[in-house]
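Worksheet: one structure, shown below.
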Amino acid sequence: MQIAVCPGSFDPITLGHLDIIRRASELFDHVVVLVVQNAGKTPMFSLEERAELIKRVTGDFKNVEVDCFHGLLVDYMKERGASVIVKGLRAMSDFEYEFQMALTNRQLYPEAETVFLTSSVERMYLSSSLVKQIAQFGGDISALVPAQIIPDILSKNRKDDDK
C-alpha cells in the first residue's frame, strides 16, 4: 500500500486544503493529513484542535487519516513507511519554497518523492492567514472554509477578543 503524507499547519483548514486532500485521496491508497507546527507562525488553534477540525471535514474520505507530529517530516515518513509527500501549490512563490523543501526532504530521506498538486483556479488566492484576518474583522468566511468549522473559527475569535 502506498502511503502519501499531506503535511501542513492547517490553521485553519480551508476549502483549498480540502480540495488538495480530496484529490490526493483519489490518487493514493492511503493519505495521512499531517498537522505540523510551523515555527514561523503563531497558531490560532492547537495541533490537537486543528486535527479535530480536519477529522470533522474529511470524515467521508475513507482512505484519509489525520495525525499530528512534532519534528522533521522525513522522520514521520520513515516511521510510517510513507514514500510520497503531497503539497499544494497556489503560485510561483509557493513553488520556490516547496521546491527547496522537496530537495531537502529528498536529501534527508531518498525514498521520499514530493508530488505537487496545483490549486483549483477558484482557490488560488486562499490561505489560512487570509481566513484568520477576515474572521478577525467580522467578515464572511463561508466561501473560504468548510461550513462545519465556521463556528469554531468565530468562537476562537470571540475568545481572543475577550483577552
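Since the structure is predicted, the reported quantities are computational estimates derived from the model, not experimental observations. Counting from 1, the numbers follow the sequence of the chain as shown.
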| message | Can you tell whether the side chains of D19 and R23 come within less than 4.0 Å, N to carboxylate O? | response | yes
| Are D11 and K132 within salt-bridge range, i.e. N to O under 4.0 Å? | yes
Within a strict 4.5 Å, meaning less than it, do heavy atoms of the [X] and [Y] side chains meet?
X    : Y    : result
V84  : Q2   : yes
L89  : S119 : no
D67  : R80  : yes
T14  : L144 : no
I149 : R56  : yes
L126 : V131 : yes
I85  : M101 : no
P43  : Q37  : yes

Which heavy-atom pair separates [X] from [Y] by the least distance, and what is that distance?
X    : Y    : value
I13  : V145 : O-CG1, 3.6 Å
A112 : M77  : CB-CE, 4.3 Å
A102 : T114 : CB-OG1, 3.5 Å
E98  : F116 : CB-CE2, 3.5 Å

| Can you list the residues that meet the side chain to side chain contact (heavy atoms under 4.5 Å, CB included) rule with T58, with sequence neighbours excluded? | L18, I21, I54, F61, V64, V66
Let me confirm one number: the [atom1]-[atom2] distance from [X] to [Y], rounded to the nearest 0.5 Å.
X    : Y    : atom1 : atom2 : result
I150 : D140 : CD1   : CG    : 7.0 Å
K156 : E49  : NZ    : CD    : 3.5 Å
H17  : S127 : NE2   : OG    : 8.0 Å
I153 : M44  : CD1   : CE    : 7.0 Å

In terms of hydrophobic clusters joined by side-chain contacts under 4.5 Å, are [X] and [Y] together?
X    : Y   : answer
L108 : L34 : yes
L117 : V57 : yes
V35  : V86 : yes
V5   : F28 : no
V115 : L27 : yes

[X] atom [atom1]: more than 12 heavy-atom contacts under 6.0 Å:
X    : atom1 : result
Q107 : CD    : no
Q133 : CD    : no
Y97  : OH    : no

Between the side chain of [X] and the main-chain N/O of [Y], is any donor-acceptor distance below 3.5 Å?
X    : Y    : result
S128 : P12  : yes
R90  : R123 : no
S9   : V36  : no
S25  : R22  : yes

| said: Can you list everything that forms a ring pair (Phe, Tyr, Trp, His ring centres under 6.0 Å) with F69? Sequence neighbours excluded, please. | reply: Y76
